[in-house]
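These notes are about the structure you will find just below.
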Amino acid sequence: MRHLMNALDLSVSEINNLIALAETIIEEPTRYSEICKGKKLATCFYEPSTRTRLSFESAMLNLGGQVLGFSSADSSSASKGESVSDTIRVISSYADICAMRHPKEGAPLVASMHSSIPVINAGDGGHNHPTQTLTDLLTIKNMKGHLDNLTIGMCGDLKFGRTVHSLIEAMVRYSNVKFVLISPDELKIPDYLRKDTLDSNGIDYKEVNILEDVLPELDILYMTRVQRERFFNEEDYIRLKDSFILDKRKMKLAPEDMLVLHPLPRVNEISTDVDDDPRAAYFKQAQYGVYIRMALIMTLLEVIPECWK
């Protein structure tokens with residue numbers, strides 16, 4: 001039995017295999033429509049989610065399985081004080097696999113230590129969001145054709161954005177990947193990520209605070225929202241939330257083949273006038289999330305077709 005807490009739990013080869021499997025699902029979705037028949041996925045979400053929770057549920061239903069679970073801590077026994085370890089012990093007797101989101105960093109890891117079924121970290125605080133990272137990698141690979149030789153711009157909240165942290169950690173394992181880190185000084189990437197991931201691996205990167213200046217050199221622009229829930233001070237949030245907004249005018253500065261990604265939800269960091277631009281890939285990205293989660297569920301449940309074993 002295996003769990004997924006961090007994208008780094010998977011080797012590059014394993015990630016490439018998951019992406020390849022997801023790409024076959026995109027081409028032949030009906031081929032896998034009964035492969036999880038009789039299996040149940042529990043979605044244990046202690047904080048709000050739309051895309052992640054529904055994409056997990058859609059993935060399992062597409063595989064012929066069933067879903068059960070809760071969508072907030074208030075609708076679970078956590079509201080009565082039940083611990084994560086006790087919850088997962090109970091869930092293990094009801095389901096075959098669990099996807100867990102929790103506001104506390106490390107909570108899914110604690111659950112995995114007490115679980116008799118595979119546990120997938122669906123986001124824990126500002127720490128990790130591995131299935132979003134897999135979604136991002138599938139999107140880039142499917143739409144750009146490769147995961148190496150890319151210049152990737154990360155824009156917005158780089159300090160608290162778990163999707164940014166996870167994607168950087170995953171992408172440094174591919175060759176000739178460069179990063180342009182675009183943020184206010186208050187929202188730069190954490191020191192540990194700069195030192196332990198970028199500097200220690202000799203990754204080419206620069207930190208800037210003007211989006212327009214670097215748009216012409218990007219292959220990928222990964223936008224993030226400034227998250228109100230990650231701030232301790234409301235005044236800081238109001239002051240910084242509009243720091244970087246991508247609009248149609250700025251898109252004129254970008255290469256014709258640049259992709260714009262966003263883990264969603266957006267607030268106003270991408271203007272709606274960008275949505276019709278063929279480079280806007282964020283809604284397609286959300287769709288790819290279903291396919292990669294289908295591949296992951298199949299892999300962790302060990303029900304993948306013989307040719308993929």
Side-chain angles (χ1 to χ4, degrees), residues 6-8 10-13 15-16 18-19 128-130 132-226 243-246 250-263 269-270 274 277-282 284-285 288 292:
N6 187 318
L8 298 183
L10 301 167
S11 67
V12 171
S13 176
I15 288 175
N16 291 341
L18 278 172
I19 290 173
N128 279 298
H129 195 350
Q132 180 63 52
T133 301
L134 293 174
T135 297
D136 299 338
L137 295 175
L138 172 61
T139 305
I140 296 169
K141 169 61 169 58
N142 199 259
M143 299 190 73
K144 296 294 286 187
H146 54 92
L147 288 167
D148 53 3
N149 302 308
L150 293 169
T151 299
I152 303 172
M154 304 282 197
C155 183
D157 179 1
L158 309 188
K159 182 176 182 179
F160 298 105
R162 60 190 170 198
T163 58
V164 168
H165 303 169
S166 292
L167 185 57
I168 289 174
E169 289 175 336
M171 288 298 303
V172 299
R173 298 194 288 177
Y174 293 89
S175 62
N176 195 31
V177 172
K178 303 175 184 178
F179 293 99
V180 180
L181 306 172
I182 313 151
S183 70
D185 290 339
E186 295 91 337
L187 295 177
K188 287 184 176 181
I189 62 168
D191 286 340
Y192 82 85
L193 194 63
R194 185 182 297 105
K195 295 176 182 177
D196 298 342
T197 302
L198 296 174
D199 292 340
S200 67
N201 287 290
I203 303 300
D204 188 350
Y205 73 95
K206 62 181 177 181
E207 297 180 88
V208 301
N209 51 31
I210 299 177
L211 174 59
E212 292 92 325
D213 289 352
V214 295
L215 274 173
E217 60 193 80
L218 302 181
D219 298 304
I220 306 287
L221 175 60
Y222 197 94
M223 296 293 296
T224 67
R225 67 188 175 96
V226 177
S243 296
F244 298 90
I245 297 176
L246 181 67
K250 291 176 184 174
M251 285 294 289
K252 292 179 181 179
L253 302 172
E256 293 184 1
D257 61 347
M258 184 190 80
L259 295 181
V260 181
L261 303 184
H262 192 304
E269 61 277 2
I270 300 178
V274 176
D277 191 303
R279 294 169 289 183
Y282 31 90
K284 189 75 171 178
Q285 181 184 358
Y288 283 144
I292 198 68

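A donor-acceptor pair under 3.5 Å links the side-chain atoms of K144 to the main chain of D257, judged by distance alone. Between the side chain of N6 and the backbone N or O of L8, at least one donor-acceptor pair lies under 3.5 Å. Of the possible polar contacts, one joining the T224 side chain to the D157 backbone as a donor-acceptor pair under 3.5 Å is found. Judged purely by atom type and a 3.5 angstrom limit, Q285 uses its side chain to pair as donor or acceptor with the backbone of H262. Judged purely by atom type and a 3.5 angstrom limit, R279 uses its side chain to pair as donor or acceptor with the backbone of P255. Between the side chain of H165 and the backbone N or O of K159, at least one donor-acceptor pair lies under 3.5 Å. A donor-acceptor pair under 3.5 Å is formed between the side chain of R194 and the backbone N or O of I189.
Put simply, the residue from N209, V164, I168 that forms a side-chain contact (heavy atoms from CB on, under 4.5 Å) with L181 is I168. Among I210, L253, I182, the one residue that satisfies the side-chain contact (heavy atoms from CB on, under 4.5 Å) test with L215 is L253.
Inter-residue side-chain proximity for K178 and E217 is flagged as unmet; no heavy-atom pair is nearer than 4.5 Å. A 4.5 Å side-chain heavy-atom check between F179 and T197 finds every atom pair outside the cut-off. Using a 4.5 Å cut-off on side-chain heavy atoms (C-beta onward), V177 and I203 make no contact.
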### Task
Check step by step if side chain to side chain contact (heavy atoms under 4.5 Å, CB included) holds for I15 and L134.
CA-CA 8 Å; I15 288 175; L134 293 174; 4.2 Å; yes
### Message
Is there a side chain to side chain contact (heavy atoms under 4.5 Å, CB included) between K284 and T139? Walk through the geometry before answering.
### Response
CA-CA 8 Å; K284 189 75 171 178; T139 305; 5.7 Å; no
### Message
Using the rule given for side-chain hydrogen bond (donor to acceptor under 3.5 Å, both in side chains), can you reason through N176 versus N149, listing the C-alpha separation, both sets of side-chain angles and the distance that settles it, and then say yes or no?
### Response
CA-CA 5 Å; N176 195 31; N149 302 308; 2.9 Å; yes
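Taken to the nearest 0.5 Å, the OG1 atom of T151 stands 7.0 Å off from the CG atom of L218. Atom SG in C155 sits 12.5 Å away from atom CG in L261 (nearest 0.5 Å).
Looking at every heavy atom in both residues, S183 comes nearest to G156 through CB-O, 3.2 Å. Across E169 and Y192, no two heavy atoms sit closer than the pair OE2-CE1, 4.3 Å. The two residues N142 and Y288 make their nearest non-hydrogen contact at OD1-OH, 2.7 Å.
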